[in-house]
Amino acid sequence: MGYEPQTETLEIARDLIRIDTTNFGDSSGPGERAAAEYVAASLAEVGIDSQIFESEKGRASVVARWGNQNSSRPGLLIHGHLDVVPANAADWSVDPFAGEVKDGYLWGRGAVDMKDFDAIVLSVVRARQRAGIVPDRPILLVFTADEEAGGVKGAHWLVEHHPELFEGCSEAIGEVGGFSTEVGGQRLYLIESGEKGIGWMRLTAKGTAGHGSMRNADNAVSHLARSLVAIADHEWPEEPGPSMQALLAKVTELTGTDGSAEEIMSHFGPAIRMIGAGIRNSTNPTMLSAGYKHNVIPGEAVAYVDGRYLPGHADTFLPAIQDIVGDRVTVEPHITDAALEYPFEGDLVDAMTVALHSQDPEAHVAPFLMSGGTDAKAWHKLGITSYGFAPLRLPADLDFTALFHGVDERVPVSALEFGSHVLDEFLNLA
């Protein structure tokens, strides 16, 4: 090719990890401005102009146009986010913001989620730009703020305030997909073709306030506690949609086994935590608030529940929760966002598949429905079809999904190089 797309990936990833962009869910963190300026400078160095947009001071996203802007083909959005979740250094075996390379891995907060892919994109784009080999279609490069808090100050803000930036874009690739796992002794690369919806809710129990020493059959805390146990005990049925049905069929093919969806998904080992969540709705209580003194029974108790629903369940999910908890507790939506699912077919899917095979001829490829959410939910509002494709070839014994937001987050250096070559080939095909 005359250029090496992977040359700068590790260096850029280390630089980005060393820029603390911790997102605490509010505006108390350092923000993304320093990282955004780093990205803009990296692009400017090879002659690519970009713009930095701030939704508020320090909450910065970068947008750049690349590729053949005169092409009649629709635009392709390639996106990553610059913020990371908090990391308690005392829990880690390395400094989470040092970008340390050890035992063949790059360690640090963001190494997996998702400064690795940010670095892959920058390295590939810079190499191709220097070599004068740009894609023959419009490319929009977007590096967002605030994804880890729902993108309100990042992707959703850009869509609401600057939709013109995305004019002409019809497709997108971004995080949480394209990574390998081992099933039946064979490498299976999972491409995200959809996301569960967000149905975070507030549960409120009312009762009769009174003295803590007296009998009280109308105790708000007790009402709430029973509702949370009911939620925890509820078994949501298996209802896999098209993406997960395709994945189940692929796993059955690779392993020669059949059974329930849960049984088939067990071949993923620990990764079933994330991958297996795509076959059913889920609910997990996460926060509680009640009372103000030890000997006073409060008149109200509140809990927050992280609910995630499958595509097609938007209208039935919260009513189902209300039925589960009963009439002593009120269920209200707190934060909601759409469930997405796109067909696993077409030229873009073919390009991702062929690009993976170019670097791993023995690769098997299948879609999956992700348990969490990404900036794809914002792009969906503009009619952009999004897939998770941040390609990484991983060791079979690495519990990769546990590293998302986990302690000692790390990515193999070889996986960064692999991803750079795959993305480079993808740009030749997409």
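Counting heavy atoms from C-beta on, the side chains of Tyr387 and Glu192 never come closer than 4.5 Å. Between Glu182 and His267, every side-chain heavy-atom pair lies at or beyond the 4.5 Å cut-off. Using a 4.5 Å cut-off on side-chain heavy atoms (C-beta onward), Leu288 and Leu228 make contact. Counting heavy atoms from C-beta on, the side chains of Thr374 and Lys377 never come closer than 4.5 Å. Leu403 has its side chain out of reach of Val411: every pair of non-hydrogen atoms, C-beta onward, lies at least 4.5 Å apart. Using a 4.5 Å heavy-atom cutoff, the side chains of Phe97 and Val84 are in contact. Side-chain atoms of Arg126 and Ser42, non-hydrogen and from C-beta on, do get closer than 4.5 Å to each other. Here the side chains of Ile335 and Asp337 are not in contact, with every heavy-atom distance at 4.5 Å or above.
Residues meeting the ring pair (Phe, Tyr, Trp, His ring centres under 6.0 Å) test with His334, sequence neighbours left out: Tyr304. Taking Leu382 as the reference, Val159, Pro163, Phe166, Ile384 meet the side chain to side chain contact (heavy atoms under 4.5 Å, CB included) condition, with sequence neighbours excluded. Applying the side-chain hydrogen bond (donor to acceptor under 3.5 Å, both in side chains) criterion to Trp92, with sequence neighbours excluded, gives no partner residue. Every ring pair (Phe, Tyr, Trp, His ring centres under 6.0 Å) that Trp236 has, sequence neighbours left out, goes to His234, Phe317. In this structure Asp350 satisfies the salt bridge (charged side-chain N to carboxylate O under 4.0 Å, His left out) test with no other residue, sequence neighbours excluded. Every residue two or more places apart in sequence or in another chain that forms a side chain to side chain contact (heavy atoms under 4.5 Å, CB included) with His161 is listed here: Trp157.
Asp83 approaches Ala145 most closely through the heavy-atom pair OD1-C, 4.2 Å. Closest of all the heavy-atom pairs between Leu356 and Pro391 is CD2-CB, 4.1 Å. Residue Phe117 comes nearest to His79 through the heavy atom pair CE2-O, 3.7 Å, listed as atom of the first residue, atom of the second, then distance. Taking every heavy atom of both residues into account, Trp107 and Ile17 meet most closely at O-CD1, 4.1 Å. The two atoms that bring Gly197 and Ala339 nearest to each other are N-CB, 3.3 Å, heavy atoms only. The heavy-atom pair separating Ile19 from Ala35 by the smallest distance is CG2-N, 3.7 Å.
Within the structure, the salt bridge (Lys or Arg N to Asp or Glu O under 4.0 Å) test picks out the following pairs touching residues 104-120 (sequence neighbours left out): Arg109-Glu409. Sorted by first then second residue, the side chain to side chain donor-acceptor pair (under 3.5 Å) pairs that include residues 26-38, not counting sequence neighbours, are Asp15-Tyr38, Asp26-Ser28, Ser27-Glu56, Ser27-Lys153, Glu32-Arg59, Arg33-Glu37, Arg33-Glu54. Every pair passing salt bridge (Lys or Arg N to Asp or Glu O under 4.0 Å) that includes a residue from residues 237-250 is listed here, sequence neighbours excluded: Glu238-Arg280, Lys250-Glu253. Sorted by first and then second residue, the side chain to side chain donor-acceptor pair (under 3.5 Å) pairs with a member in residues 67-77 read Asn68-Asp136; sequence neighbours excluded. Sequence neighbours left out, the pairs with a member in residues 156-180 that pass salt bridge (Lys or Arg N to Asp or Glu O under 4.0 Å) are Arg137-Glu171. Sequence neighbours left out, the pairs with a member in residues 353-362 that pass salt bridge (Lys or Arg N to Asp or Glu O under 4.0 Å) are Arg187-Asp360, Arg187-Glu362, Asp360-Arg393.
Using modelled atom types, no side-chain atom of Thr181 and backbone atom of Leu188 make a donor-acceptor pair closer than 3.5 Å. Remark: the backbone N or O of Tyr105 is not paired with any side-chain donor or acceptor of Asp103 at under 3.5 angstrom. Checked by atom type and distance alone, the side chain of Glu195 never pairs as donor or acceptor with a backbone atom of Pro311 at under 3.5 Å. Judged by distance alone, the side chain of Arg128 and the main-chain N or O of Tyr3 form no donor-acceptor pair under 3.5 Å. No side-chain donor-acceptor contact under 3.5 Å links Glu11 to the backbone of Glu8. A side-chain donor-acceptor contact under 3.5 Å links Ser123 to the backbone of Pro5. Distance alone, capped at 3.5 Å, is enough to place a donor-acceptor pair between the Gln245 side chain and the Pro240 backbone. A donor-acceptor pair under 3.5 Å is formed between the side chain of Thr21 and the backbone N or O of Leu82. Remark: the backbone N or O of Gly154 is not paired with any side-chain donor or acceptor of Glu147 at under 3.5 angstrom. Remark: the backbone N or O of Leu394 is paired with a side-chain donor or acceptor of Ser180 at under 3.5 angstrom.
To the nearest 0.5 Å, atom CD1 of residue Ile264 and atom CG of residue Asp258 are 4.5 Å apart. With rounding to the nearest 0.5 angstrom, the CZ atom of Phe143 is 8.5 Å from the CD1 atom of Ile78. Taking CD from Glu263 and CE from Met265, the interatomic distance works out to 12.5 Å, rounded to the nearest 0.5 Å. Rounding to the nearest 0.5 Å places CE of Met201 at 8.0 Å from CG of Asp306. Taken from CD1 in Ile120 to CZ in Phe418, the straight-line distance is 10.0 Å, to the nearest 0.5 Å. A distance of 9.5 Å separates CG of Asp375 from CD of Glu148, quoted to the nearest 0.5 Å.
Inspection of the His313 and Asn281 side chains reveals an N or O donor paired with an N or O acceptor under 3.5 Å.
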Between His364 and Gln186, does a side chain to side chain donor-acceptor pair (under 3.5 Å) hold up when you go through it step by step? CA-CA 8 Å; His364 293 269; Gln186 301 181 72; 2.9 Å; yes

Trp200 vs Thr286, test: side chain to side chain contact (heavy atoms under 4.5 Å, CB included). Steps then yes/no. CA-CA 10 Å; Trp200 295 355; Thr286 54; over 6 Å; no

List the steps and the verdict of side chain to side chain contact (heavy atoms under 4.5 Å, CB included) for Ile173 and Phe426. CA-CA 11 Å; Ile173 62 166; Phe426 168 79; 3.6 Å; yes

Before giving the answer on side chain to side chain contact (heavy atoms under 4.5 Å, CB included), spell out for Phe368 and Met244 the whole-Å C-alpha distance, their side-chain angles and the decisive distance to 0.1 Å. CA-CA 5 Å; Phe368 82 109; Met244 295 305 289; 4.1 Å; yes

Passes salt bridge (charged side-chain N to carboxylate O under 4.0 Å, His left out), Lys102 versus Asp408? Steps please. CA-CA 11 Å; Lys102 182 177 73 168; Asp408 285 342; over 6 Å; no

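Surrounding CG of Asp91 are more than 12 heavy atoms belonging to other residues, nucleotides or ligands, all under 6.0 Å away. In the displayed structure, Asn88 atom CG is contacted under 6.0 Å by more than 12 heavy atoms of other residues, nucleotides or ligands.
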